[in-house]
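Input: a single structure, listed below in structure tokens.
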Amino acid sequence: MSANLSAFFYLISGILFILALRGLSSPETSRQGNYFGIAGMAISIIVTFLSVGNFGPGFIYVLIFLVIGGSIGAFIAFRIPMTAMPELVAGFHSLVGLAAVFVAVSAFLKPEAFNLGAVGNIKLASLIEMSLGAAVGAVTFSGSIIAFLKLRGIMSGSPITFKGQHFINLILGLAVLFLIYYLCISQLSNIFWSLIIISFLLGVLIIIPIGGADMPVVISMLNSYSGWAAAGIGFTLENTALIITGALVGSSGAILSYIMCKGMNRSFFNVILGGWGATEQNKDSKNKEQKPVKNGNADDAAFLMKNASSVIIVPGYGMAVAQAQHALREMVDALKKNGVKVSYAIHPVAGRMPGHMNVLLAEANVPYDEVFELEEINNDFANCDVAYVIGANDVTNPVAKTDPQSPIFGMPVLDVEKSKSVLFVKRSLSPGYAGIDNDLFYRDNTLMLFADAKKMTEEIVKSL
Amino acid sequence: MEIDPFIFRLSIFILSIFVGYYVVWSVTPSLHTPLMSVTNAISSVIIVGAVIAALAGSGEKIFELSNIFGFLAIILAAVNIFGGFLVTQRMLQMYKKKKK
């Protein structure tokens, strides 16, 4: 296939990928969008086969490896529980990153095959592009592995910090730039390997100081990185599909990171430079624990909600941990039978990745038109009889609006306290991720339900 | 003077960033998780490079070091492509409207 014709087909793939993302503007068009994406991918792969035109024994192996990888991917896709989606996405990011590294390595070892010059004499532009692609890919890979381990709970979700951490990261970052420069003038393979190793190390060090609840930002950021790595490789290979996709994915991840940071009222750098976890606020909260709270049980909760005319559910990460989404749906069904109007309120950073809560509710067959975002629903709390907070904490804390001293001051929160009564399902009075006490616990209109989110919800279903 | 083809690629790249910017802002927040999984799947179009790497060289020497890296990259990218699109499909199938 001629280079011009294949370039044209790669452009078509790129357009199909744009349409795939465009489809996600509403759930109705999203499934069609996904098919556009699949079509774009199929076109890219077939065109590559035709333009390489080598159907020798190597081609058989290509197909075999494609089938092996595809089967593993399909197996994972069908088996993975929806609650594990954040770690799955992190894991997938790591694979894209590593694949980018491998392609760059291969191009470095055999530049002739990619039309980039010869070993020891690779075109300067190509060398810069491939080393950038490899470096970003390596950071994506090792960073995503750490994110995966943290989300999976294999590694502690709390921030790991040590003295001089930012300084070391800065040095490593500069080392990466220097090695790229040195590689360009020397073309030495040792420099190339060092570049990759240092980038791996940098990826690990960037992610370890970031705590569990900041994971939505981290995952979005790594998503963005995987896109930039792909784009870097796309420039090396002079491949339009890869350049377009890399740009799309890169800006998508960047926008999601921005949305997540805004949801926490924190700057991107503030998140990257380490967690909230170990602030002095932790100690403060110890003195406050004496304050009285109202303690309720499932029957009280059932009674309150049954006699309400409207209820708003506020789910958070705790719901995902307890896998309470199905029980929650049953509870809502029972309430609806009693003529109660029920809606769901989702904070942008609820859960461990963007849109996490929406997927879990969708899994439990909650229609998406009952689920609302913060801005859409926040005014409704004032007219609502009961707010049922299940597994959320910091995102409901009124302190964010009242106390300028608080680390979460200015963060957009759900105005849960404005509803006539608040039911707060929680295992204990312990503070949330931000390490600060939730003022909501001690309000007159709050009834604390101390239990596991799933068990409590199931008990409420029984007493309804 | 002739324009370097690199400039054309750079133009495509920058315009695509803008397209991405506007398209992604129009994605409804409830679909942000599928957005991440589908962007993941499409960024695996890097498999194009992996295939070129794997098939580089003459017929007899299929498993030179550069080819091996290509084959490994094919496996990784294939996991992502199939896994990414299928899991997105699975998620999107769950989003339903209220039955009326």
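The sequence lines fix the lettering, A, B, ..., with proteins before strands; numbering per chain opens at 1. When reading the values below, keep in mind they use all heavy atoms of this one structure, side chains included, and skip hydrogens, waters and symmetry mates.
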Donor-acceptor contact present, side-chain Ser224(A) to main-chain Gly250(A), <3.5 Å: yes

Portion of Val48(B) that has a non-hydrogen atom of chain A nearer than 4.5 angstrom: both

Heavy-atom proximity to chain B below 4.5 Å, by part of Tyr10(A): side chain

Winner by heavy-atom pair count (cut-off under 4.5 Å) against chain A, out of Pro29(B), Gly84(B), Ala50(B): Pro29(B)

For chain B, the option from Ser26(A), Gly234(A), Ala77(A) that forms the most heavy-atom pairs under 4.5 Å: Ala77(A)

Any side-chain heavy-atom pair of Ser43(B) and Thr39(B) under 4.5 Å: no

Proximal component of Ile219(A), with respect to chain B [non-hydrogen, under 4.5 Å]: both

Phe49(A) ring center near Phe55(A) ring center (under 6.0 Å): no

Contacting region of Ala100(A) [heavy-atom separation from chain B under 4.5 Å]: both

Residue Leu72(B) versus chain A: region with a heavy atom under 4.5 Å: both

Ser220(A) versus chain B, the contacting section by heavy-atom distance below 4.5 Å: both

Pair Glu363(A) + Arg90(B), salt bridge at N-O below 4.0 Å: no

Region of Tyr258(A) in contact with chain B, defined by heavy-atom distances below 4.5 Å: side chain

Test item: Met36(B) and His93(A) side chains (from C-beta on) under 4.5 Å apart, heavy atoms: yes

Heavy-atom check, side chain of Tyr368(A) versus side chain of Leu31(B), under 4.5 Å: no

Side-chain touch Ser252(A)/Ile255(A), heavy atoms, less than 4.5 angstrom: no

Which of Ile17(B), Val87(B), Val45(B), Leu86(B) touches chain A most, by non-hydrogen pairs under 4.5 Å: Val45(B)

Residue, of Leu237(A), Leu242(A), Val52(A), that accumulates the most heavy atom pairs under 4.5 Å with chain B: Leu242(A)

Proximity breakdown for Thr245(A) and chain B, heavy-atom pairs closer than 4.5 Å: side chain

Within-4.5 Å side-chain heavy-atom neighbours: Met91(B) and Pro34(B): yes

Contact class of Ala107(A) relative to chain B, heavy atoms under 4.5 angstrom: neither

Leading residue by heavy atom contact count with chain B [cutoff under 4.5 Å; candidates Asn365(A), Ile45(A), Leu248(A), Leu256(A)]: Leu256(A)

Side chain / backbone / both / neither for Ile233(A) at chain B, heavy atoms under 4.5 Å: side chain

Interchain contact, Val96(A) with chain B, by part (heavy-atom threshold 4.5 Å): both

Chain A contacts, top residue of Val51(B), Leu15(B), Asn67(B) (heavy-atom pairs, under 4.5 Å): Val51(B)

Most chain B-contacting option - heavy-atom pairs closer than 4.5 Å, from Pro354(A), Ala99(A), Ser51(A), Gly56(A): Pro354(A)

Contacting region of Ile46(B) [heavy-atom separation from chain A under 4.5 Å]: both

Best-contacting candidate, Ile52(B), Leu65(B), Ile12(B), Ile68(B), against chain A by heavy atom pairs under 4.5 angstrom: Ile52(B)

Chain A interface, residue from Val27(B), Asn80(B), Val23(B) that has the most non-hydrogen pairs under 4.5 Å: Asn80(B)

His32(B) vs Met353(A) side-chain heavy atoms within contact, under 4.5 Å: no

Between Gln89(B) and Tyr35(A): side-chain donor-acceptor atoms closer than 3.5 Å: yes

Proximity breakdown for Ile80(A) and chain B, heavy-atom pairs closer than 4.5 Å: both

Between Phe82(B) and Phe75(A), ring centroids under 6.0 Å: no

Greatest number of heavy atom pairs closer than 4.5 Å to chain B - which of Ile64(A), Ile76(A), Val359(A): Val359(A)

Contacting moiety of Ala41(B), where chain A heavy atoms sit under 4.5 Å: backbone

Options Arg31(A), Glu28(A), Glu112(A), Arg22(A), ranked by heavy-atom pairs under 4.5 Å with chain B, top entry: Arg31(A)

Between Ala78(B), Gly20(B), Ser44(B), Gly70(B), the one whose heavy-atom pairs under 4.5 Å with chain A are most numerous: Ala78(B)

Donor + acceptor pair across side chains of Asn40(B), Ser226(A) (<3.5 Å): no

Over 12 foreign heavy atoms within 6.0 Å of OH, Tyr21(B): no

Parallel, tilted or perpendicular, as decided by the 30° and 60° cut-offs, for the rings of Phe65(A) and Phe71(B): tilted

Ile3(B) atom CD1, neighbour heavy-atom count above 12 within 6.0 Å: no

